Amino acid sequence: MSLDLSNYELLWPAELLASEGERILRASDRTSDTSWVDRATWLVTEALAGTTAVADFEELPDHDAPTDDPWSSTTPGWGSRAGMGKRQWFTELVNRAGELRQATAPRPYWPQRRGRGLSHDGSTPRDTRRAFARLVSEFEDRGYLVEVFNEECVDDNSELPDASEVIDRRLGIPDLWPLTPETWDEDTFYGLIEVFHDLVSRPRMRRYHSYSGCGWHHSEFHNGPARILYRGKVNELLREADIEYELAAEGEDLGRLVAVTDDARSSLVHQALNESAPDITARVRHAVALFRGWDTTVESKRSAIVTLAGILEERRSLLKDKLGKDEGALFEIANRYDLRHRKADQRGDYDEAFLDWIFWWYLGTVELTNRLIASRTAG
């Protein structure tokens with residue numbers, strides 16, 4: 001009988017639960033060590049809301065019942081988990097991660113419906129900074145900062161790193177730990193968002209040290225899943241505050257704040273970053289980073305356009321072959337306006353929106369030439 005998923009809700013992206021779970025299962029195939037159960041318990045604790053799934057997992061036997069066990073389907077209270085052991089339950093959960101529903105925020109309560117308290121569209125910049133500080137505290141509580149900040153142990157008298165110095169070395173601003181959001185200006189706030197993206201690292205293992213109530217200790221760190229989770233949480237916070245930036249999930253500016261774009265342009269960036277030929281990939285990544293950074297300037301946008309124009313220049317014969325004489329229109333704008341050659345007779349008094357338009361046009365054309373080259377190679 002298959003696993004009943006109706007009582008479980010996801011806190012993580014389904015793909016991340018699946019990838020981390022598959023890693024645990026692969027490792028358990030290579031060894032008889034039962035420590036995979038501890039790793040699986042910790043993963044379920046983190047990835048699913050509440051304690052229901054963890055309780056279900058922990059009450060199962062360590063070994064799956066034989067498929068021909070006549071008693072397995074009548075075990076009292078097991079319902080759809082009849083006959084399952086921990087491995088079978090965990091394997092099915094991982095394989096069906098995409099079927100789990102996402103945990104959602106509760107509907108507004110009475111004071112919020114009456115216009116009191118903090119609502120999604122009523123947050124202030126200071127509220128957002130406090131919410132970010134709480135978010136970092138949650139990551140800290142789960143051991144995501146232990147790799148860089150270490151953690152106390154009654155059996156270890158060594159001195160812990162100074163967390164403020166760790167942040168200061170990266171951001172150049174002292175005394176930022178513990179976090180005091182009421183003191184941050186905008187640059188500090190945005191800087192901390194980017195710094196903690198680079199500091200978080202998920203502990204894939206934890207053990208409880210009972211001596212003198214020492215508590216949980218974390219190990220086996222990996223920054224990949226931690227950064228995925230962090231970007232998702234921070235970007236959700238920024239959206240709710242109507243802040244038009246998000247942490248980039250790919251590109252040269254991975255983990256840096258970039259301007260939010262619509263889905264179509266986000267898809268175009270993804271395709272251009274991931275489907276460009278190796279000889280131009282670095283330049284495409286650099287152009288995108290120059291253009292979309294939260295602190296971008298008119299000059300950096302010009303530089304981004306010039307970079308893309310250089311790629312198209314190298315592919316001019318391909319464009320001419322497909323577009324005929326119309327390909328010249330692509331380069332006329334870059335040459336006649338104050339973009340590439342910067343001559344005295346070039347036109348320079350145009351709105352910055354013109355730069356946005358030409359960047360997206362050029363990036364779309366780069367992606368078009370990628371597809372033309374791919375189809376020619378396939379043919």
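These figures come from a predicted structure and were not determined experimentally.
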Quiz prompt | Derivation of the side-chain contact (heavy atoms from CB on, under 4.5 Å) call for H209 and V154 | solution = CA-CA 9 Å; H209 188 190; V154 295; 3.8 Å; yes
Exercise. Decide yes or no on side-chain contact (heavy atoms from CB on, under 4.5 Å) for R231 and L254, but give the supporting numbers first.
Key: CA-CA 10 Å; R231 287 194 298 268; L254 171 70; 3.6 Å; yes
Exercise. Test L17 against L100 for side-chain contact (heavy atoms from CB on, under 4.5 Å), laying out the working first.
Key: CA-CA 10 Å; L17 169 60; L100 290 162; 3.9 Å; yes
Quiz item: Could you go step by step and tell me if E194 and W294 meet the side-chain hydrogen bond (donor to acceptor under 3.5 Å, both in side chains) rule?
Solution: CA-CA 11 Å; E194 295 182 345; W294 71 271; 3.3 Å; yes
Practice problem: Begin from the C-alpha positions of I358 and K301 and carry the test side-chain contact (heavy atoms from CB on, under 4.5 Å) through to its verdict. | Solution: CA-CA 10 Å; I358 193 64; K301 288 186 175 183; over 6 Å; no
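Ionic pairing of R239 and E236 is not present here: no N-O contact between side-chain nitrogen and carboxylate oxygen is shorter than 4.0 angstrom. The residues R26 and D29 are annotated as not salt-bridged, no charged nitrogen and carboxylate oxygen being separated by less than 4.0 angstrom. By the 4.0 Å N-to-carboxylate-O rule, K233 lies too far from E138 to be salt-bridged with it.
Residue Y208 places its OH atom among more than 12 non-hydrogen atoms of other residues, nucleotides or ligands, all under 6.0 Å distant. Within 6.0 Å of atom CG in D155, more than 12 heavy atoms from other residues, nucleotides or ligands are found, so the atom counts as buried in its surroundings. When the shell of 6.0 Å around CD of E182 is examined, it contains more than 12 heavy atoms from other residues, nucleotides or ligands. Shown here is E244, whose CD atom has no more than 12 heavy atoms of other residues, nucleotides or ligands within 6.0 Å.
R87 approaches S28 most closely through the heavy-atom pair NH1-OG, 2.5 Å. The two atoms that bring L247 and G255 nearest to each other are CD2-O, 3.3 Å, heavy atoms only. Shown here for V258 and A248, the closest heavy-atom pair between the two residues is CG1-CB, 4.0 Å. The heavy-atom pair separating R285 from G251 by the smallest distance is NH1-CA, 3.3 Å. Of all heavy-atom pairs between I193 and V234, the closest is CG2-CG1, 3.8 Å. The heavy-atom pair separating A304 from A287 by the smallest distance is CB-O, 3.3 Å.
Between atom CG of residue N235 and atom CD of residue E246 there is a gap of 5.5 Å, rounded to the nearest 0.5 Å. Note that CH2 of W184 and CG of L179 are 4.5 Å apart. Values are rounded to the nearest 0.5 Å. Separating the SG atom in C214 from the CZ atom in R207 is a distance of 8.0 Å, to the nearest 0.5 Å. Atom CG of L48 sits about 11.5 Å away from atom CG of N7, to the nearest 0.5 Å. L319 CG to R316 CZ: the interatomic distance, rounded to the nearest 0.5 Å, is 9.0 Å. Rounding to the nearest 0.5 Å places CG of L5 at 7.0 Å from CD of E92.
Using a 4.5 Å heavy-atom threshold, the side chains of R23 and V94 count as separate. Taking 4.5 Å as the limit, some side-chain heavy atom of F90 sits within range of a side-chain heavy atom of L43. The shortest side-chain heavy-atom distance between R315 and I373 falls under the 4.5 Å cut-off. Side-chain contact between F331 and E313 is present, with at least one heavy-atom pair separated by less than 4.5 Å. Within the 4.5 Å cutoff, side-chain heavy atoms of W36 are placed close to those of K86. Between R376 and D321, some side-chain heavy-atom pair lies under the 4.5 Å cut-off. Looking at heavy atoms from C-beta onward, L238 lies out of side-chain contact with V260 at the 4.5 angstrom threshold. Residues L93 and V44 form a side-chain contact, since some pair of their non-hydrogen atoms from C-beta on lies under 4.5 Å apart.
When the salt bridge (Lys or Arg N to Asp or Glu O under 4.0 Å) test is applied to E314, the partners found at least two apart in sequence or on another chain are R283. Remark: T365 engages no residue in a side-chain hydrogen bond (donor to acceptor under 3.5 Å, both in side chains) (not counting sequence neighbours).
Residue L268 is grouped with residue L355 when hydrophobic side chains (ILVMFWY) are merged at heavy-atom distances under 4.5 angstrom, including chains of intermediate members. Put simply, L16 and L10 are part of the same group of oily side chains (I, L, V, M, F, W, Y) that touch within less than 4.5 Å, one to the next. In the hydrophobic clustering of ILVMFWY residues, with side-chain heavy atoms under 4.5 Å counting as a link, L273 and L368 come out apart. At a threshold of 4.5 Å between side-chain heavy atoms, the hydrophobic network of Ile, Leu, Val, Met, Phe, Trp and Tyr places V166 and F221 in two separate groups. Hydrophobic clustering (ILVMFWY, side-chain heavy atoms < 4.5 Å, transitive): W177 and L160 are in distinct clusters.
Below 30°, between 30° and 60°, or above 60°: for F291 and W360 the angle between ring planes is above 60°, a perpendicular geometry. The aromatic rings of W357 and W361 sit parallel to each other, their planes meeting at less than 30°, with 60° as the upper class boundary. Between F132 and Y230, the two ring planes are perpendicular [angle over 60°; tilted spans 30° to 60°].
A donor-acceptor contact closer than 3.5 angstrom links the side chains of R39 and S35. Defined by atom type and a distance below 3.5 Å, a donor-acceptor pair is missing between the side-chain atoms of T261 and R292. For the residue pair W42 / E220, no side-chain donor-acceptor distance below 3.5 Å is found, with atom types taken as modelled. Side-chain N/O atoms of Y190 and D295 include no donor and acceptor closer than 3.5 Å. For the residue pair T41 / D38, no side-chain donor-acceptor distance below 3.5 Å is found, with atom types taken as modelled.
Of the residues H218, E20, H222, the one that meets the side-chain hydrogen bond (donor to acceptor under 3.5 Å, both in side chains) test with R202 is E20. Between S276 and the choices T281, N370, T369, the side-chain hydrogen bond (donor to acceptor under 3.5 Å, both in side chains) rule is met once, by N370.
With hydrogens and angles ignored, the 3.5 Å screen pairs no side-chain donor or acceptor of D253 with any backbone N or O of R256. Not one N or O on the side chain of R96 forms a donor-acceptor pair closer than 3.5 Å with the backbone of S2. In this structure, the side chain of S137 does not engage the main chain of A133 through any donor-acceptor pair within 3.5 Å.
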Please output the side-chain donor-acceptor pairs of residues 139-149 that fall under 3.5 Å, not counting sequence neighbours, one pair per line with the distance.
residue, atom, partner, partner atom, Å
Y144, OH, E46, OE1, 3.2
Y144, OH, E46, OE2, 2.5
E147, OE1, S201, OG, 2.8

